[in-house]
Amino acid sequence: MAEIRLENLGHSYDGGTTYALNPLNLTWKDGNAIALLGPSGCGKTTLLNIISGLITPSSGRVYFDGVDVTESDTARRNVAQVFQFPVLYDTMTVSQNLAFPLKNRGISKDEISKRIAEVAELLDLTKYLDERPLRLRSDLQQLVSLGRGLVRKDVPAILFDEPLTVIDQNFKWTLRGRLKELHRVTKHTLVYVTHDQTEALTFADEVVVLNEGSVVQSGSSADLFLQPEHEFVGFFIGSPGMNFLNASITNGLVVLNNQEIGSAKSFGGQNLDSGSVRIGVRPEFLTISNSNGLPVQIDRVENRGGYQLAHFELAGSKTIAKLSNETKVASGQSANLVFDQERTYLFRESQLCGRLVSKVS
Amino acid sequence: MKTRNNKAWFLVLPVILTVSFTAILPLMTVANYAVQDIFSPTDRLFIGMDWFYNITNDPLIFNAFKRSFSFSIQVLLIQIPLGIAIARIMPKSGWKASAALVMVAIPLIIPWNVIGTTWQIFARPDIGLGGYLINKFIDFNYTSDPLDGWILILLVDVWHWTPLVILLVYAGLRSIPPAYYQAAAIDGASQVAVFRFVELPKLKRVLMIAILLRFMDSFMIYTEPFVITGGGPGEATTFLSILLSNIAVGQFDIGRAGAFSLIYFLFIQILSFLFFTVLTLQERAEVTKAK
Ligand SMILES: Nc1ncnc2c1ncn2[C@@H]1O[C@H](COP(=O)(O)OP(=O)(O)OP(=O)(O)O)[C@@H](O)[C@H]1O
Ligand SMILES: [Mg+2]
């Protein structure tokens with residue numbers, strides 16, 4: 001259990017030509033569940049391996065509770081880590097696998113059997129304890145791997161590298177719930193890598209979104225959803241992702257399709273400079289009105305059970321509005337589009353720069 | 001229903017023909033010799049299984065068998081642990097790895113009789129550098145002391161063939177995914193535990209192959225004792241193959257040599273087969289998953 005602080009932390013696998021992880025600064029509060037979210041190859045595993053000491057970073061420092069551990073090796077850091085794919089000791093039984101990290105640290109036999117029983121219970125592994133893991137299905141193997149990460153109690157942090165990728169969908173939900181419950185009880189600092197946004201958003205107190213080796217935003221699930229600071233976050237989080245429309249600003253007014261639709265304000269309240277801009281608005285914050293609004297032609301309506309998605313084209317971009325089932329809308333009809341005052345954002349060079357204050361409301 | 005097309009057998013015909021001429025026919029000639037007493041090319045007598053009784057009761061052959069067998073066991077006891085130890089400390093990547101591999105492989109690409117001649121001279125107490133130096137500390141003369149002769153042949157075999165074990169084990173070690181080492185580090189495993197629980201289980205296959213190859217090869221060792229000690233001093237290094245060639249080419253006792261060859265051949269076949277069976281059975285047992 002520790003606060004983890006990363007200072008200018010960066011890593012290059014090829015001696016500085018390309019960076020798998022660009023220098024970043026992050027502080028994770030003791031006892032928090034943190035999700036690292038990002039597409040494949042964005043440097044999530046690299047970051048985890050640096051924290052556990054499997055990789056020495058090319059630059060920057062790692063602190064556990066204020067103590068610089070950058071130079072200490074994996075054994076001394078004592079963190080637990082679960083890998084993306086099952087890694088097991090073939091010649092040991094499941095229970096010996098679970099005992100291994102404890103045995104290596106000289107924990108008493110009684111304590112070991114107690115912990116094994118607890119972990120096996122948590123992961124539904126009790127009936128497999130005497131089996132050789134090689135004989136188990138791959139999802140069970142991954143559970144054993146997961147178990148080895150959970151048996152130790154005195155760790156500063158537990159790192160999970162997409163631990164549930166090979167687990168069957170139904171059990172995934174159960175397991176996620178149990179892990180969350182475990183976290184609530186034990187209060188370990190927990191770092192959870194995933195490229196599944198639902199997993200990240202439901203699991204974590206804090207979500208760090210990575211893209212191409214850089215942190216694009218870090219915050220609570222709500223922050224990331226309600227106010228994405230980067231186009232990537234808007235696009236990557238939410239389903240469907242944020243709509244982006246190409247527009248421009250002239251004299252502080254946003255012009256879309258040669259039509260002034262509102263004023264462009266920075267978060268401080270000033271007018272934004274003239275030039276091109278991208279409007280970002282989540283499908284959830286678009287509504288349809290029959291009186292006033294921006295006229296659009298609905299292409300297609302998709303019913304998703306609890307809600308419906310209206311697809312249409314606006315200023316050359318495919319756009320989606322997520323509407324309640326009560327909204328009367330049909331394919332081919334024209335409608336008036338209304339932007340939510342609070343939740344329509346402006347982006348420049350992919351970064352959030354201000355808000356669209358709509359004329360029509 | 002599956003239709004069977006036996007024409008496919010024709011495709012195997014060339015292989016069968018080739019193998020017949022290279023292996024089966026020569027073997028049959030040997031079998032033919034083994035049941036006759038041959039005095040001269042024109043004068044021979046069919047004697048049935050007599051040679052086989054004769055051979056299995058011959059103390060000369062039995063002693064050579066014991067010698068060969070204990071030599072092979074000693075070879076394994078030295079070369080397998082040594083090969084593993086060296087493979088583990090070899091560099092893992094970059095130019096150092098390539099350099100180490102080339103250096104290790106050198107003994108394997110030298111012609112066998114060159115190796116024999118080189119060591120024969122190198123180990124001589126009078127004119128050989130190695131023999132001269134070691135005689136400064138202890139008495140070592142492989143031409144007169146039976147134990148020294150044995151040790152020298154063993155040493156040459158270790159020098160010549162440990163590289164094969166090293167290469168096999170090295171390849172085996174490289175094929176272990178890094179995640180296993182990472183997990184072991186996370187679990188706080190000691191170096192010994194990493195070897196015992198990560199490397200050894202993953203090396204099982206290659207080690208079985210290494211043991212099989214080294215056992216069979218050393219059991220058939222011929223060139224080195226032939227060139228270096230000629231089977232001596234006394235009979236210290238008269239292994240089965242040396243004895244066999246003495247009987248066949250030295251005494252021209254073709255019938256007896258033929259029977260001897262067949263037994264020798266069968267013994268190696270049976271051992272290899274047993275070894276292979278154990279290996280595959282174990283693997284199958286492991287892969288079968290619980291349903
Ligand atoms: N051992 C290595 N040597 C060289 N490059 C590497 C190595 N490991 C990873 N990389 C590169 O570093 C980048 C980040 O890799 P990393 O494994 O951290 O990504 P990731 O976010 O975990 O991806 P995934 O979701 O596929 O697991 C990738 O471009 C990858 O090719
Ligand atoms: Mg990864």
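Basis for what follows: all heavy atoms, side chains included, without hydrogens, waters or symmetry-related copies. Each chain gets a letter, A, B and so on, in the order the sequences are listed, and its residues count up from 1.
Within 6.0 Å of CZ on B/F275 lie more than 12 heavy atoms contributed by other residues, nucleotides or ligands. Counting heavy atoms of neighbouring residues, nucleotides and ligands inside a 6.0 Å radius, atom CZ of B/F276 does not exceed 12 of them. More than 12 heavy atoms of other residues, nucleotides or ligands lie within 6.0 Å of CZ in A/R176, so this atom counts as buried by the packing criterion. Remark: A/E121 CD is loosely packed, at most 12 non-hydrogen atoms of other residues, nucleotides or ligands lying under 6.0 Å away. More than 12 heavy atoms of other residues, nucleotides or ligands sit less than 6.0 Å from atom CD of A/E3. By the 6.0 Å contact criterion, NZ on B/K96 is open, its count of non-hydrogen atoms from other residues, nucleotides or ligands being 12 or less. Counting heavy-atom neighbours within 6.0 Å of B/K7 NZ, excluding the residue itself, gives a total of 12 or less.
Taking CG of A/L159 as the reference point, atom CD1 of B/I186 lies at 7.0 Å (rounded to 0.5 Å). Atoms CZ and CZ, on B/F197 and A/F100 in that order, are 5.5 Å from each other to the nearest 0.5 Å.
Heavy atoms of A/N49 lying under 4.5 Å from chain B belong exclusively to its side chain. Heavy-atom distances place the side chain of A/R152, and not its backbone, under 4.5 Å from chain B. Of the atoms belonging to A/L88, it is backbone heavy atoms, and not side-chain ones, that fall under 4.5 Å from chain B.
In terms of heavy-atom pairs under 4.5 Å with chain A, the best-connected choice from B/P177, B/A189, B/P201, B/A184 is B/A189.
Side-chain atoms of A/N104 come within 3.5 Å of backbone atoms of B/D187 as a donor-acceptor pair (strictly under, hydrogens ignored).
Of the charged side-chain nitrogens involved, at least one lies within less than 4.0 Å of a carboxylate oxygen, so that A/D90 and B/K202 count as a salt-bridged pair.
Taking all atoms of both residues into account, the shortest heavy-atom contact from A/R148 to B/A183 is NH2-CB, 3.7 Å.
Side-chain contact between A/T91 and B/R196 is present, with heavy atoms from C-beta onward closer than 4.5 Å.
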